[in-house]
Structure formats: C-alpha cells, structure tokens
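Each chain gets a letter, A, B and so on, in the order the sequences are listed, and its residues count up from 1.
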Number of protein chains: 2
Amino acid sequence: MVKMSDVAEKANVSKATVSRVLRNPETVKKTTRDKVLAIIEQLNYQPNILARHFRRSETNTILVVIPNILNTVFSHILGGIEHEAGKHGYRVLLANTNRQVEKEYEFLDHLKQRQVDGMILLSARMDKSVLYDVMKQYPVVLTADYLEGIPIPTVTIDNVSSGRTATEHLIKLGHSRIAHITGPLHLLVSQDRLKGYRQALLQNDLDVDNILIQEGDFTHESGYNQMTKLLALEHPPTAVFSANDEMATGIIKAAKDHGLSVPEDLAVVGFDNVKLSAIYDPGITTIAQPMFEMGNKAMEILLHQINGDDSCKKQYVLQNELVIRESCGAKRKNNS
Amino acid sequence: MVKMSDVAEKANVSKATVSRVLRNPETVKKTTRDKVLAIIEQLNYQPNILARHFRRSETNTILVVIPNILNTVFSHILGGIEHEAGKHGYRVLLANTNRQVEKEYEFLDHLKQRQVDGMILLSARMDKSVLYDVMKQYPVVLTADYLEGIPIPTVTIDNVSSGRTATEHLIKLGHSRIAHITGPLHLLVSQDRLKGYRQALLQNDLDVDNILIQEGDFTHESGYNQMTKLLALEHPPTAVFSANDEMATGIIKAAKDHGLSVPEDLAVVGFDNVKLSAIYDPGITTIAQPMFEMGNKAMEILLHQINGDDSCKKQYVLQNELVIRESCGAKRKNNS
DNA sequence: TTATAAAATGTAATCGGTTACATTTAGTAT
DNA sequence: ATACTAAATGTAACCGATTACATTTTATAA
C-alpha cells in the first residue's frame with residue numbers, strides 16, 4: 001500500500017507538503033502542488049483514512065439512533081439525514097434500538113469514544129439527566145421525538161396544533177362524535193396529538209367523551225382492535241382521528257368488517273402521510289409531516305454544532321399540512 | 001481524556017500489559033489482571049477506538065449499499081444485517097445510492113481505503129469486471145439482487161420458481177388468461193420472475209400472450225397505469241401476477257375504478273410479503289421473501305470472509321413461500 | 001538446590017498522517 | 001542593493017494502542 005512518504009519521496013518534497021496539498025491546497029505553490037498531484041495520480045495513492053481519523057480525532061461519521069428501521073416515517077427521516085450528510089462528506093452510521101432503552105445507552109459510547117462526530121436521535125427514552133450531560137459535551141440533535149424540560153436541539157412539528165387541525169377538519173365536516181385512537185401514551189408525541197384533539201373539541205363546544213379515546217400502539221392491528229371496541233358502543237363515533245396512518249388502515253378495515261363504509265358511515269383522518277396513506281383504498285386524509293426535511297434540518301444543525309457553532313442549539317418547529325383524500329368524506333361526490 | 005499509559009502507570013505495569021488485559025486477558029496473570037481492571041474502572045478509562053482501528057487497520061464496521069432506504073424490502077433486509085452485525089460487535093454504515101451507479105463506485109472507495117471491513121450490496125449495477133476485481137480483494141456479499149457469470153457470494157431466493165409458483169397458483173384457481181406486470185426489466189430479479197411466469201403457463205399448456213405482459217417499475221402508480229391498459233383490452237385478463245406488492249395495490253385500485261371487484265372479477269397475486277400486503281384491503285396473496293433472514297445470512301457470510309474463511313463464497317438460495325390472502329380468490333367463501 | 005521450560009511482563013518500534021514551529025525562499029519597499 | 005515581510009517548505013514531535021521480541025518471574029523436574 002503506497003503511503004504519503006512514498007509520494008513525498010518521489011516528488012522531492014516533505015510529507016508535510018503532500019499533506020498540505022491534500023488538506024490545504026491553497027497554502028502550496030501551484031507548481032509544487034501540480035507536481036505532487038501528478039505523483040499521487042501516478043502512484044494511485046489513497047490516503048489512509050484511519051490514520052487521519054486517529055490523528056485528527058474526527059471521523060466524518062455521524063450516528064443515527066433509530067427505534068425501528070421498518071417504520072417508514074423513520075426511514076424517510078433517515079433519507080433526509082443521509083442526503084444532507086452526503087453533501088458534506090459525512091457518513092451515516094445506523095443504530096437500531098428496537099425500542100430498547102439499554103441500546104440507546106450502549107450507542108452513547110460511540111460518541112464518548114469519539115467513534116462518531118455527532119449523533120441524531122430519533123427516539124429519546126434515556127434518562128433526561130444523562131442526555132443533558134451528553135448534549136453539553138457532544139453534538140446531539142433530537143428529531144421525530146422530543147422532550148420537555150431540557151434544552152436539547154430538536155426538530156419537530158407542532159403535534160398539538162396538528163392534532164387540532166385534524167380534529168377540526170372532522171368537526172367542519174359536521175361530525176360531533178369523534179373518536180381518537182392514540183399512539184402509545186408514554187410518548188410525548190402521542191400525548192400532544194391527544195391534547196390537540198381535546199383542544200379542538202373544547203374550542204368547538206363539543207364534549208370530550210373519554211370512552212372515545214383509546215390507546216393504540218401505531219400498528220394496524222391495534223387500530224383494528226380499538227375500532228372494533230368503539231363500534232360496539234351504544235353510541236359509536238361517526239369519525240375517528242388516528243394518531244398515525246397505519247392504525248388508520250386498521251380502523252377502516254374494522255369499519256368495513258362491521259358493514260360500514262368509509263367515509264360514508266365513518267370518516268377517518270390519519271397522521272404522517274406515509275406512502276401507505278396515498279395507496280390505501282380509500283386514500284387516507286392525513287397530516288403530512290415533512291419527514292425528509294426534518295432529517296435534513298436535523299443534520300444541518302448537527303453539522304453546525306460539529307463545527308463549533310452552538311447558536312443553532314434551539315428547538316425547530318417545521319410546518320405540517322393537512323392532506324385531504326377520500327377517507328374523511330370531504331371529497332365525497334354526493335356530499336354537501 | 002485518560003489513556004492507556006495513565007492506567008499502566010497507576011497500576012505499576014506497562015502499557016503492553018494493559019493492552020493485553022483488554023485484548024488477550026488469558027495471557028495475563030489473574031492478580032495483575034484484576035488490579036488493572038480495577039484501575040480501569042476507577043479511572044473510567046475508555047480505549048481510543050480510533051487509535052485501535054488505525055493500528056490494527058480494521059474497523060469493525062461494514063458498509064451496506066442500498067438502492068433506496070424507503071423500500072421496505074430493503075429495510076427489512078437491513079434489519080437482518082443489523083441484527084447479525086450487532087451480535088458480533090460490528091457496526092453498519094449506510095450507503096444510499098438512490099439507484100445511481102456512480103454512487104456505487106463512490107462507495108467502493110470506503111472499502112479500498114479500509115474504512116470498512118466489508119460490504120454488502122443490495123444492488124449491483126456497477127460493471128461486472130470492476131465488481132469481480134473488488135470481490136477478489138475484499139469481503140463482499142450481494143443480496144436481494146444478483147448477477148450472472150461472476151462467482152460473487154450471493155444470498156437470494158429463486159425468483160424463477162417463485163414466479164412459477166405465483167402463476168401456478170392462479171392457474172390452479174381456474175384462470176387461463178393471466179397477466180403479468182413486471183418490475184423494471186433491466187433487473188435480473190424482474191426477468192426471472194417473468195421467466196417463471198412464462199414457464200408456468202407453458203407447462204400448463206396455456207398460451208403466452210405478450211400483450212398481457214407489461215413492464216412496471218415497482219410503484220403503485222405503474223401498477224395502476226399498466227392495469228388500466230390491460231383492462232382496456234378486448235379480452236382483458238381475469239388474473240394478474242404482480243412482480244411486487246406495491247404494484248399489486250395499484251392493480252387492485254385500477255380494477256375497482258373500472259367497476260371490478262377483487263378477487264371476484266380479478267385475481268391478484270403480489271410479491272414480497274411486505275406489511276402492506278397484509279394490511280391492504282383485500283389482503284394480498286403474495287410470495288414471501290425471507291427478507292430478515294436474507295440480511296442475516298448475508299452478514300454471516302460476510303463475517304466468515306472477514307475472518308479469512310473463503311469457503312463460504314457461494315451462492316445461497318433461501319426458501320420462499322406462498323402466502324394466501326384474499327386477493328387471489330382462494331379464500332372466497334362462495335367459490336368452488 | 002539447580003537446571004530448564006513455560007508463563008508473565010516489559011521495552012520499544014510501529015502504524016501513517018498532521019501540524020506547531022523552524023527555516024528557507026520569494027516578494028516588496030526604500 | 002538592502003532590509004524586511006510574506007509565502008512556501010521542511011523538520012520532527014505527536015496522536016494512543018498494538019505487538020514482535022527481549023527479559024524477568026514462576027513453575028516443574030531432576
């Protein structure tokens with residue numbers, strides 16, 4: 001393997017000059033620079049990146065902690081991170097936690113051992129004080145998830161207002177008995193969507209009937225099961241706001257199996273705007289999270305931190321959007 | 001940052017001994033080992049992994065080249081890789097090509113610069129001779145995709161027989177006019193599924209009508225469009241074999257929009273068994289690829305190669321399975 | 001107890017770029 | 001032409017763990 005000293009020797013310059021040609025070309029006179037570059041070309045010299053990483057103690061690699069790669073919301077965000085990282089010559093290391101907190105702690109070691117230059121969390125279940133200590137010392141950004149009470153840089157949407165928007169949309173369509181199937185309620189995201197749902201009802205002088213609020217776990221199956229429960233009620237809802245799209249498909253399935261049709265007998269609004277919501281029949285009205293942009297922004301902020309600019313350590317709230325499809329009935333042809 | 005020499009000094013031993021305690025504990029006497037471990041604990045010493053990587057020129061990291069993270073088939077495989085890698089203390093670097101060949105070439109440099117110990121390709125568009133040269137020198141495994149004519153270690157399913165199975169299933173259900181919407185035909189995977197479709201028809205004395213074979217690109221939209229074309233035929237098909245599940249949803253949508261119901265008027269079989277096929281209404285009968293296992297196996301083989309065992313450099317064919325749901329009509333209650 | 005082999009530990013070179021600092025060369029003004 | 005500054009290049013220390021080889025300690029046998 002040809003090394004820097006080989007190039008230096010052949011070019012009649014010192015290793016230092018070769019190094020400069022590669023890292024600070026502008027500090028080397030054009031003639032020598034060209035000479036060195038020619039030799040590099042000729043010998044097909046590839047710098048040993050490991051040596052560089054070691055010496056500079058930086059890796060040009062960042063770590064993304066993902067609770068579940070199979071969830072397309074996360075893979076979209078990952079796509080955004082990847083895109084932005086690639087533009088700046090950074091690599092992305094993947095860390096799948098499968099929702100286990102211990103894994104999160106484990107991956108922290110990568111940061112502490114300087115194996116990566118920074119970390120983007122797509123889930124923060126670890127102890128707040130631990131996370132706080134980490135973020136004081138290392139570049140960290142949180143996205144998709146968020147935490148209260150600690151000033152960690154975060155990129156999200158406003159889930160409360162999104163939940164309100166979704167619910168208000170159903171109210172405007174004339175519904176007054178609106179159910180909500182939530183995500184896992186230990187997640188702030190789920191709590192906030194629920195909060196938005198409540199606000200919308202109250203602001204429109206509608207009762208909040210707790211029986212209409214059921215906790216799901218973001219899976220199709222939980223949507224199906226909880227909806228089945230709701231349909232067995234004496235006064236079943238005429239509309240449902242689902243905390244994500246996959247559960248919405250379960251809800252629709254349950255309604256159909258119960259002999260109801262969507263949106264005629266039951267209006268449904270989902271959340272996330274993953275491809276599934278566009279593909280499903282009926283198309284699912286949903287709140288679009290700018291997933292790719294979230295990833296992009298998170299990476300952008302992380303890069304700033306890595307480069308020593310801490311002015312970006314803030315909370316960023318991106319815009320969400322209501323995407324109207326068939327499942328809510330707004331597009332129904334023979335409808336007022 | 002406390003380093004190995006600090007530990008050595010405090011423990012009254014040499015750096016070498018500390019190093020051995022960490023890497024070859026059995027070569028150190030129990031008493032000294034315990035003493036050193038205690039100091040390590042006490043000083044909270046974390047070895048500098050970058051120095052180790054540099055010195056040993058190995059990284060415990062592998063690279064996964066993915067054409068598209070958003071495709072759940074790939075993320076399932078990635079999940080399998082991640083799982084197996086984690087078990088052996090390896091990290092997974094992600095490389096998203098977005099189907100650009102240039103990107104594949106670019107990521108090869110990671111291997112050549114020894115930034116990773118090996119590479120798993122989920123797509124091989126690059127020049128065969130280049131790939132061949134690479135695989136002779138470095139640990140490489142191909143999965144999800146495959147190539148003819150070069151002996152690169154590969155993990156796949158038999159797409160020809162899978163295509164045949166899917167088609168035969170429709171034939172057994174009494175269909176004789178069966179269409180096939182293929183994947184992009186520059187992919188061997190798509191060609192093979194088509195081959196299987198042809199074989200099934202021929203072996204059952206049915207004509208292969210080329211008008212019933214339409215090329216899609218694995219998206220819902222292409223399924224929809226191609227099916228719409230097929231339905232406009234004078235003799236439209238009564239069944240369709242789709243080269244993946246997402247296109248199957250487009251096919252079903254097109255049929256519905258055309259006033260047909262699935263499976264009564266049109267039977268559909270998909271491919272992949274991604275969650276979508278289970279969630280969709282109707283549930284899609286499909287060929288299950290053991291995606292997670294493919295990833296697992298690919299990683300396993302790669303690890304063997306990394307450890308210098310080249311006996312595993314073979315082609316591995318995993319079992320696929322027909323998963324019967326509603327879309328093919330086999331489960332139809334009032335059916336013969 | 002002494003000789004000898006085996007086990008444990010130490011010494012010091014090494015991996016290959018990077019960079020602070022020293023030195024040389026080129027450029028500019030007087 | 002001289003003095004002085006800026007640009008270009010060289011020298012050598014350095015990052016921190018690993019490991020071949022040398023040396024010391026311990027165990028075993030005679």
Sub-4.0 Å heavy-atom contacts from residues 4-14 of chain A onto DNA chain D, ordered by number | A:Asn12, A:Val13, A:Ser14
Outermost contacting nts on DNA chain C, any atom under 4.0 Å from chain A heavy atoms, listed 5' then 3', are C:dG16 to C:dT19
Just jot down the ring-ring contact (aromatic ring centres under 6.0 Å, His included) partners of A:His83, sequence neighbours excluded, or say none.
-> A:Phe292
Using residues 49-57 of chain A as the side-chain source, report each donor-acceptor pair under 3.5 Å to any protein atom, sequence neighbours left out, with the distance given to one decimal.
from	atom 1	to	atom 2	distance (Å)
A:His53	NE2	A:Thr59	O	3.2
A:Arg56	NE	A:Glu58	OE2	3.4
A:Arg56	NH2	A:Glu58	OE2	3.4

Minimum heavy-atom distance between B:Leu131 and B:Ala124, given as atom pair plus value = CD2-CB, 4.2 Å
Please round to 10 degrees the angle between the axis of the first five pairs and the axis of the last five pairs in the helix from C:dT1-D:dA30 to C:dT30-D:dA1.
-> 30°
Stretch residues 38-49 of chain B: residues that reach within less than 4.0 Å of DNA chain D through a heavy atom = B:Tyr45, B:Pro47, B:Asn48
By nearest-heavy-atom nucleotide on DNA chain C, the more 5' of B:Lys29 and A:Val2 is B:Lys29
Excluding sequence neighbours, so at least two apart, what forms side-chain contact (heavy atoms from CB on, under 4.5 Å) with A:Glu106?
-> A:Lys103
With sequence neighbours excluded, tell me which residues meet salt bridge (charged side-chain N to carboxylate O under 4.0 Å, His left out) with A:Asp158.
-> none
Just grab all the ring-ring contact (aromatic ring centres under 6.0 Å, His included) pairs involving residues 96-140 of chain B, residues at least two apart or on different chains.
-> B:Phe107-B:His110
Do B:Glu104 and B:Ser123 have side chains that get closer than 4.5 Å, going by heavy atoms?
-> yes
Shortest non-hydrogen contact between B:Ala11 and B:Ile39, atoms and distance | CB-CG1, 3.8 Å
Between D:dA8 atom C1' and A:Arg20 atom CZ, what is the distance in whole Å?
-> 8 Å
Rounded to the nearest Å, what distance is computed from the NZ atom of residue B:Lys15 to the P atom of nucleotide D:dT19?
-> 13 Å
Heavy atom of residues 50-61 of chain A under 4.0 Å from DNA chain D: which residues?
-> A:Phe54, A:Arg55
Nearest-Å distance for atom pair CD/P, residues A:Glu26 and D:dA7 | 12 Å
Got a sec, which residues hit side-chain hydrogen bond (donor to acceptor under 3.5 Å, both in side chains) with A:Thr154, two or more places apart in sequence or on another chain?
-> A:Gln315
Determine which pairs satisfy side chain to side chain donor-acceptor pair (under 3.5 Å) with at least one residue from residues 40-49 of chain B, sequence neighbours left out, and list them in order.
-> A:Gln113-B:Gln46
Identify which one of B:Val116, B:Val140, B:Asp117 satisfies the side-chain contact (heavy atoms from CB on, under 4.5 Å) criterion when paired with B:Leu63.
-> B:Val116
